[in-house]
Amino acid sequence: MLGLNNKQWEACSYTEGPLLILAGAGSGKTRVLVHRIAYLIEEKQVDPYNILAITFTNKAANEMKERVEAAIDVEPGRIWVSTFHSMCVKILRRFYVRIGGDNNFAIYDTDDQKAVCKEVLKTLNLDPKMYKEKACIAFISSAKESCKTPEDLEIEMAGDYRASQMVRVYREYQHRMKINNALDFDDLIFKTLDLFAQDPEVLEYYQDRFKYIMVDEYQDTNESQFQLVRLLAGKWRNLCVVGDDDQSIYKFRGANIYNILNFEDEYKDAKVVKLEQNYRSTETILNAANAVIANNTGRKQKRLWTENGVGEKINYQVYETEHEEALGAVNNIMELCNNGREYSDIAILYRTNAQSRVIEEKLVYASIPYKLVGGTGFYNRKEIRDIVAYLKLLSNPSDEIAFSRIINVPRRGIGATTVTKIRELSLQNGISMYNFCKDEGNRKLLGRSADKIGDFVEMMESFRPYIETGELDELFDSIMEKTGYEMELRAEGTDEARGRLENLDELRNKILGYMEEEEPTLLGLLEDISLVADTDDSADDTDNKVTLMTLHSAKGLEFPVVFMVGMEERLFPSGLSMDSDDPDAVEEERRLCYVGITRAMKRLFLSSCTTRMSYQGRAYNAESRFIEEIPKEYMTRTGVKANVIKTEPFAKKSSVSGFNFGVGAGVAKAMPKSVPAYNTGTSNNVSIDYNVGDRVKHIKFGKGTVTDMKPSADDFEITVNFDNVGEKHMFAKLAKLKKI
DNA sequence: GAACCCATCATTTTT
DNA sequence: TGATGGGTTC
């Protein structure tokens, strides 16, 4: 156990009873967890079988597994190190049947959920304009995260018409999921809770087993996960949770920061250990991060410190446009790399994915290699989803979503009419669509399509032998061939089709990778596909490339050099958070900023621009408040931020040509309600020192006389009669008129 | 069944 | 601005 500091050691060796480890950024949290497990096994003679470690990501789980196995001699797999979700899958695969479930359930991702919602909305005859799938999914998800059944909500939402409709959707959705024999991500947790509630024997079995439980990233747990942990630790109470309330950035996903803030209330005898020594960043970077996060209320007091030395100052630069900002970053990168930095040392972090485009553009132009983290995942591609749907249907004939997806892909002349007919008839008979089709007598009811359906069933059944033998690669090849999927893409011959074929080849590789496991099954493969989001782990760590990602994705990572771009109000913090009634919304953005800053080891570059193009139009945003919150002594600043805040909407195609400084309503809408109230301290508010009758000067129109001024929204609409160009109307904030 | 047009929509997303 | 999906048309 060498190389641990006092606090880390304390956290490792306090094994009995509840323990909260407040692990600041870069404080060696994983190291502590790994050592703790090793300590339990080697010093306390705990059977690895009695240890459970829960993480949020597969990446974290794998890393922990590897590091534990490297540290001590332990039978691989004897310790449960897994994500919440895969843990629940494991439990449900074994015991779901005890509460009337089918252990063979499929796991639905967001896209599948969407498809289910679509059908539900149709069934319930709800206006798709009023009820969007996305909103329904969000409603259902947040219900499950907070452990609410449709029945619970029915009472709660009784007075609210719209909410009641949503509850109907939720109920019907669950009904459909049951028919499809599918569980979504939230169900995995919720149904496990259900299982524990309904079958205390099963709960007791796991309670007995897990004498020592550790939960990583505890600040990200939601209500249902909290309950799950509470139940599992119910018997031995040797529960160690690790987290950092300052890095709680997933509220929108249901994470409840109070789980960590109130841990000591829930467990009165809890010991708290704070890890405040940071091994990652320079003192300058750390001080800046501390200063920013200090503006939040209701946090656990802690202050990170380091022995790493002062380091260089943070570089903050104001650019004119997002293009210049991207170019600026690229130039900085080139200079850094000319001076010995590797591309892979560098990350560019941004608030929204949309910001990546311009940066990519400039990187490409400068021939700087980069990798984009996030974005549309591998398993979201059409061709992958198609083939996976075949696999899913083979594994679970009840999966109507999979059935509907591939019944006519590639085209085999089975149209919408036939599918609808199958759906109706199967529903009447209370069997799944696929099983309905399997019966020759049933098929006769389908008229002309009967034979085609027959061929389809025959083909599907011909795949079965590969499943039984576990030859999943053969299964894949056979599907690609017999369905004609491969042929169709080859015949197409376009670049796009070639790309799709490459992706499918990649899928085949993933299948081969999965087959390395001791007992590969189709069910296991599908589990891997749905639970292990594509981490794009193919060849990255070794690649010498600049990393581009959102601030959210950056959590848990570190880079010698970090760029944080777009440090502007309404972008970061986001406009939505600024306009939110919830005062914590901006605090969450600040935590996100804290996360961003603390990713940097040696150098931190911040930047903003005076104006940037957004989907609303050209935005002129104030400098982010987070910049203000960094004490001047830690930062060098280049460039001056203009003192204008506004958004110019795109001109309407049909609008009359000529000048219009934003078309009334558009501007008013774009003018956030919070802007006037917000004070950056750098006088973003327009100062009007002229009045009707005064002579003023405009940067473009020259000199003129003010003829009218009337308040509008949070601004003034000024009418000026210019000497050269005549009368113009404009907004004071934009026009920047100077009294002469 | 495919090509095209228009309307619509637009933070963050570990599973 | 741009991607996406539904609806229309041939």
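Side chains are part of it too, since the values below use all heavy atoms of this structure and drop only hydrogens, waters and symmetry mates. The sequence lines fix the lettering, A, B, ..., with proteins before strands; numbering per chain opens at 1.
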Pairwise side-chain contact, [X] with [Y], heavy-atom cut-off 4.5 Å (strictly under):
{"X": "A/T418", "Y": "A/I453", "result": "yes"}
{"X": "A/Q355", "Y": "A/L571", "result": "yes"}
{"X": "A/R625", "Y": "A/P573", "result": "yes"}

For [X], answer base if it contacts any base atom (sugar-phosphate contacts may also be present), sugar-phosphate if it contacts only those atoms, and nothing otherwise; contact means non-hydrogen atoms under 4.0 Å.
{"X": "A/E217", "answer": "nothing"}
{"X": "A/S574", "answer": "base"}
{"X": "A/D220", "answer": "base"}
{"X": "A/S553", "answer": "sugar-phosphate"}
{"X": "A/F84", "answer": "nothing"}

Interface polar pairs with nucleotides 1-8 of chain B, N/O, under 3.5 angstrom:
| residue | atom | partner | partner atom | Å |
| --- | --- | --- | --- | --- |
| B/dA2 | OP1 | A/R411 | NE | 3.1 |
| B/dA2 | OP1 | A/R411 | NH1 | 2.9 |
| B/dA2 | OP1 | A/R411 | NH2 | 2.5 |
| B/dA2 | OP2 | A/R411 | NH1 | 3.2 |

TODO: Answer yes or no on whether A/R570 is positioned over the face of A/Y620, meaning its NZ or CZ is under 6.0 Å from the six-membered ring centre and within 45° of the axis.
DONE: no
Open item on the list: Distance to the ring centre below 6.0 angstrom and angle to the axis at most 45 degrees; does that hold for A/R93 and A/F105?
Closed with: yes
Open item on the list: I want to verify a distance call: between B/dT13, C/dG2, B/dT15, whose nearest atom is closest to the A/H552 side chain?
Closed with: B/dT13
- [ ] Compare the minimum distances between each of B/dT13, B/dT11, C/dA3 and the side chain of A/Y615, then state the nucleotide with the smallest one.
- [x] B/dT11
Whole angstrom value for the distance that separates [atom2] of [N] from [atom1] of [X]:
{"X": "A/D127", "N": "C/dG6", "atom1": "CG", "atom2": "P", "result": "14 Å"}
{"X": "A/I137", "N": "B/dT13", "atom1": "CD1", "atom2": "C1'", "result": "13 Å"}
{"X": "A/R591", "N": "B/dT12", "atom1": "CZ", "atom2": "P", "result": "18 Å"}
{"X": "A/L531", "N": "B/dT15", "atom1": "CG", "atom2": "C1'", "result": "6 Å"}

Task: Passing candidate, side-chain contact (heavy atoms from CB on, under 4.5 Å) with A/I257, options A/E588, A/K251, A/R591 - done: A/R591
Open item on the list: Name the residue from A/I54, A/V215, A/I189, A/T221 that meets the side-chain contact (heavy atoms from CB on, under 4.5 Å) definition with A/L228.
Closed with: A/I189
Tell me whether the OP1 or OP2 atom of [N] has a side-chain N or O from [X] closer than 4.0 Å.
{"X": "A/N353", "N": "B/dA10", "answer": "no"}
{"X": "A/T110", "N": "B/dT13", "answer": "no"}
{"X": "A/K118", "N": "C/dG6", "answer": "yes"}

Open item on the list: On the side chain of A/R253, is there an atom forming a donor-acceptor pair with the base of B/dT14 - under 3.5 Å, no angle test?
Closed with: no
- [ ] Would you kindly compare A/S577 and A/D186 by the position of their nearest DNA chain B nucleotide and give the one closer to the 5′ end?
- [x] A/S577
